[in-house]
Structure formats: structure tokens, C-alpha cells
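A, B, ... follow the sequence lines: proteins, then strands. Residue 1 opens every chain. Because the structure is predicted, anything quoted here is derived from the model rather than measured.
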Amino acid sequence: MLDVKILRDDLDRVKERMTTRGVEIDWAEFVSLDRERRDALANLERLKEKKNRLSGEIGKLKKSGDDATAPMREVGEVSEAIRNGEGPLAEIEARFERFMLSLPNLPNVDVAIGKSAEDNRDIRRWGEPPTFDFPAKNHWEIGEELNILDFVRGAKLAGARFTLYKGAGARLERALINFMLDLHTGERGYQEMLPPALGNRAALIGTGQLPKFEDDLFRIESSEYFLIPTAEVPLTNVHREEMLEREDLPINYVAYTPCFRREAGSYGQDVRGLIRQHQFNKVELVKLSEPETSYDELETMVQDAEEVLKRLKLPYRVVELCTGDMGFASAKTYDLEVWLPGQEAYREISSCSNCEDFQARRAQIRYRKEKKGRPIFVHTLNGSGLAVGRTLVAVLENYQQKDGSVVIPEVLRPYMGGLERIG
RNA sequence: GGAGAGAUGGCCGAGUGGUCUAAGGCGCACGCCUGCUAAGCGUGUGUACCCCACAAGGGUACCGAGGGUUCAAAUCCCUCUCUCUCCGCCA
């Protein structure tokens, strides 16, 4: 959520920057709503002030045994005027809040302006895409031939976009999770968390999935819970409605969780294989930081995610998303894209964003810079470190051998009981 | 699932209809005093929003959430959420 004050003070600049996201926003609606709201509020508060004053007088009169019928009759009229005003005000406030919650974050000023992924900026590349003296296979071919991924039975158990991992495949997924967690906790200063995989409405509003993107989420029908689409939701909400101490910051959390996404509107995209699933595993990094250092923290977080790929010796590139390609809550985002020989393309495997105070304002996560100072919103950051299923895809495709087997990256072997090769 | 208890300001904790404009304490901030590993004394101390120049000043709301009774609610009534204790069931 944006600060209402910047909308009032500098609407033209906000309009201009918001336009770079490619979203249509009814600004006239905002201006009139804001005006209506303030008028109605001021009017009602005047009435309440009068009512409180009269009530006090009645109390004094009654105490001294005097007649209070006149002020009581007057307060009755004021009360009715208040009742008549409350309904309309509540309606205006609800509309105002809906509007504010539906506004995406403002892109940071130094983010490149663009319309789509084509306008993203290449920041750096690491590693060389491998060359094969045989036709490179897709991971779903490799997985099925090695009998470690079963898409047919995954569909039988749940449906399309669900996969059953088997044997060494299941273990490889688990090895990747443990490897990533150990790296981030052991060497990169993150505290490991194991949060609920379901979240309530307030949590999903806090990080920005609700109210606008309910269609992307799985909802539990019998109660007001949603399956989390990412551990960003629970991790960022850990300190929702809390006042933090300056010395606590930055806070660095890492968590492995399953993630659940409806993938509505992505029919026909990545229909085969593990790339786009309704349920997938992810190791997520979240930071809460002071505003002054959040962009340094973003750079660090990207490097933390990159380190996973470096140790796995998987070639990748870092891209900076342009204004038109960024997510709802983000002010600046870097994507890590890993090389997939089966597709001969770089595919997203991590997305690291600085949301500045956008989520903190929704979730009321604040701290005091000085003991006596006013509370200020922290900056929140999140990044995949990494998407586990896609990492497994990258391992299978980059480490595939001519004989159909797959070599296990060295750093994973301790997690695989010393296994060096699948198949 | 059943029974009971509870939810008050950064923290602890009083408060069962009208100076609650929330006692008291801790913590914190500022000042004073004092020189001996510290204490004492005084003053102040929330959040959000609205009016206003985002100043001074003023107002409204907030005692888990929502609704109700009343001229008046932390206080009475209803619903919900969460926490704790006990019982049952269960990984």
C-alpha cells in the first residue's frame, strides 16, 4: 500500500511512475473518493464532539440533581444525525480502502522503464552452457526414463500439474532442499523457519496477494485459509502488527515450504514437466531491513541466491526486471535465470525483490529509529533461494550423460548418501 | 469435540455505567542532585486519522474483533477470534 500523503502531495508524479507499469488506474476516482471521505469524516467528528460535550453536561446535571431533559433531547437529535452519517461514511471508507489495496507499488526511480520481459536488462552471466555430443533431452524425458519422475501417476493422485517424485528423484529434491537450507543458515546468516503452509486473509493482504489476486490462490472452503503461494507470505508476516527494535534489524529468515498456485490463465504454458506446477517446493529468503540499507540488502540477497547456482555449477544469468514486468508489491526485482539445455533457454529460477515499505504498511511492521522517535515502516525483501523443482530440472538437464544417466553435482553427494550418478 | 478461565498502553498490572481526559509500577527521555561499582528527586512519555501550512493549536477513534443496550460502556448483553487449564480423540 502506498502512503496516501504522496498521492495527495504529488499525484502527477505518482501517475507518471505508475503508468510505466502499464496499469490503468482511475485517478479521478481517487481524488473524489478522498475528498468525499474527508468531508464525511470531518462532519461526523464534529457531531461526535457535540455529543460527547452534551453527555458530559448531562452527567453533571444528574449528579447535582438538576433537570437534564433539555440536553437529553438535543443529544437525541445529534445521535440520530450521527447514525444517519455512519452508513455512508463506512461505505466510502470501504471503497477508499479497496482502491488503496488494489494499487501496485511504485517502481524505484532507477528501474528501467519497459513494457515486458523483452525490455529487461541483462546484468551479468555466470558459467558456460554445456555442449553435448548427443541430442539433449528435456527433463521430463530424463525423469521418466530414469523412473524418478511420474507425471501420469501425479495426475492420477491429484490432477494435471502435479507430479509424483520417486526413488532417487524424491531424494534429489530433498537433497537440494537440505543443501540450500544449510548454505543459507550456515554461511549466509539466515535463521531457519518452518512456517504453516496455510495462511489467513490478513497475512495474504499483508504481502499483497489479496484482495486482488484471489484467483491465483487455492482456498480452503471449510474455513478462511489459503494455501500459501510462497513462503514470502508467512515469513514476511512473522512480525505483522509488531514494533521492532532497531538493533533487531536486519532480520534474515529462510524457510523451505511447499507452494501452491492455481496457475489460472497459464493454460498451454509449460504444460509438460516440472516447470509450472500447482504444488512445488521452494526455499525462500526474506529480509526486514531499515530503509537506508534495503538496496544493499537486495544486492546481498541476489548473491545469496546466486551462490546456490554457483556451487551446483549451473550456468545462469541475472536480469533486472523493467517496470512493466515487475510483480505487484515490488519496487525493484532481479530474476535469476538458469540455463536449461532441454529448452535451450534461460528460465527463471529465482526472483529477488525489494518491496520497500509497501508490504510493511499493509502489514504494519514498524520499528523505532530512536528511542523517542516516531515508528517508521521497515523495508521488506524476498527472494527464492531457490525454486527447488526448477533446480532439479536444471540439474537433470545440465548433468545428463550420453548413456541416459545423470551425474549428481558434487555438493549434493553428501546429501545423497554418496551417490554419484542416477541411472 | 466437551468444560472452565482469560485477552487492558513498549512491558507488568488495577479498574463491574458518568472527573477513565485508564491508577500504580517497570522501561524509556530530559533535567537536578550526588563522586565511589549505584541510587535518589523532578518532569515528561501511545497509535491512527481529521481540521490546519504535513507549524502552533484543536478534534475523533482505539482497553482482542464485530455488533447491541444507554443521554453516557474498559465496565452490561450478544456473536466471533485467539491464549491457557482439564477431559476426550488423534500424528
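When heavy atoms are screened at a 4.0 angstrom cut-off, A:P71 is found touching no nucleic acid atom at all. Counting non-hydrogen atoms under 4.0 angstrom, A:L41 reaches the backbone sugars and phosphates but no base. Using a 4.0 Å heavy-atom criterion, one finds that A:R8 contacts the sugar-phosphate atoms exclusively. Across all strands, A:K5 comes closer than 4.0 Å to no nucleic acid atom at all (heavy-atom distances).
The gap from the C1' atom of B:rC77 to that of B:rC90 amounts to 37 Å, rounded to the nearest Å. Nucleotides B:rG64 and B:rA7, compared at atom C1', are 6 Å apart to the nearest Å. Remark: the separation of the C1' atoms in B:rA53 and B:rG58 is 15 Å, to the nearest Å. Here the separation of B:rA23 from B:rG44, taken at their P atoms, is 13 Å to the nearest Å. Across B:rU81 and B:rG66, the matching C1' atoms stand 10 Å from one another, rounded to whole Å. Taking the P atoms as reference points, B:rC78 lies 15 Å from B:rG6, given to the whole Å. The same atom, P, is picked in B:rA56 and in B:rA61; the two are 23 Å apart, to the nearest Å. Separating the C1' atom of B:rC52 from that of B:rC11 is a span of 36 Å, rounded to the nearest Å.
Checked against B:rC50, B:rA72, B:rU60, the side chain of A:N52 finds its nearest nucleotide in B:rU60. Closest approach to the A:S55 side chain among B:rC71, B:rC82, B:rC50 is made by B:rC71 (side chain taken as heavy atoms from C-beta onward). Which of B:rG59, B:rC71, B:rC54 sits closest to the side chain of A:V75 comes down to B:rC71. Nearest to the side chain of A:R35, among B:rA61, B:rG59, B:rC51, sits B:rC51. Counting only heavy atoms from C-beta on, A:R38 has its side chain closest to B:rC50 among B:rG18, B:rU60, B:rC50. Listed candidates were B:rC54, B:rC50, B:rU47. Nearest to the side chain of A:D9 is B:rC54.
Panel note: side chain A:E97, backbone A:A94; no donor-acceptor pair is recorded below 3.5 Å. Using modelled atom types, no side-chain atom of A:E187 and backbone atom of A:H184 make a donor-acceptor pair closer than 3.5 Å. With A:R421 contributing its side chain and A:V407 its backbone, the two residues share no donor-acceptor pair below 3.5 Å. A distance-only check finds no donor-acceptor pair linking the side chain of A:H139 to the backbone of A:G273 [under 3.5 Å].
Comparing A:Y225 and A:L44 along RNA chain B, the residue whose closest nucleotide (by nearest heavy atom) sits nearer the 5' end is A:L44. Of the two residues near RNA chain B, A:L54 and A:D34, the one whose nearest nucleotide lies more 5' is A:D34.
Under the Watson-Crick or G-U wobble criterion, with both distances below 3.5 Å, B:rU16 has no partner in any strand shown. The pairing partner recorded for B:rU70 is none, the criterion being a Watson-Crick or G-U wobble arrangement whose two distances lie under 3.5 angstrom. Base-pair partner of B:rU75: not found among the strands shown (Watson-Crick or G-U wobble, both distances under 3.5 Å). Judged by Watson-Crick or G-U wobble contacts below 3.5 Å, the nucleotide B:rG9 has no partner. Pairing for B:rU45 is with B:rG27, a Watson-Crick or G-U wobble pair whose two hydrogen-bonding atom distances lie under 3.5 Å. Pair assignment for B:rC89 gives none, since no Watson-Crick or G-U wobble pairing has each distance under 3.5 Å. Applying the Watson-Crick and G-U wobble criteria (two distances, each under 3.5 Å), B:rG35 pairs with nothing in any strand. When Watson-Crick and G-U wobble pairs are counted only if both distances are under 3.5 Å, B:rC80 pairs with B:rG64.
Look at CG on A:N200: it is 16 Å from P on B:rA65, rounded to the nearest Å. A straight line from CE of A:M243 to P of B:rU47 spans 7 Å, rounded to a whole angstrom. What separates CG of A:L244 from P of B:rU47 is a distance of 15 Å, to the nearest Å. A straight line from CZ of A:R240 to P of B:rU81 spans 17 Å, rounded to a whole angstrom. In this structure, A:R53 atom CZ and B:rU19 atom P are separated by 17 Å, rounded to whole Å. Between A:E242 atom CD and B:rU47 atom P there is a gap of 17 Å when expressed in whole angstrom units. Rounded to whole angstrom, the span from the CZ atom of A:R246 across to the C1' atom of B:rG10 amounts to 18 Å. When rounded to the nearest whole Å, the span between CZ of A:R37 and P of B:rU60 equals 17 Å.
Note on ring orientation: taking the six-membered ring where Trp is involved, the planes of A:H239 and A:Y253 are parallel (angle under 30°, cut-offs 30° and 60°).
A:R46 has no side-chain polar atom (N or O) that falls below the 4.0 Å cut-off from OP1 or OP2 of B:rU60. Between A:K51 and B:rA72 there is a side-chain N or O to OP1 or OP2 distance below 4.0 Å.
Inspection of the A:Q277 and A:T163 side chains reveals an N or O donor paired with an N or O acceptor under 3.5 Å.
Between A:R347 and A:D270, at least one side-chain nitrogen of the basic residue sits less than 4.0 Å from a carboxylate oxygen of the acidic one, meeting the salt-bridge criterion.
Judged by distance alone, with hydrogens and angles left aside, A:E45 brings a side-chain donor or acceptor within reach of the base of B:rG59, the pair sitting under 3.5 Å.
Two residues are said to be in side-chain contact when any heavy atoms from C-beta on lie closer than 4.5 Å; A:P229 and A:Q209 meet this criterion.
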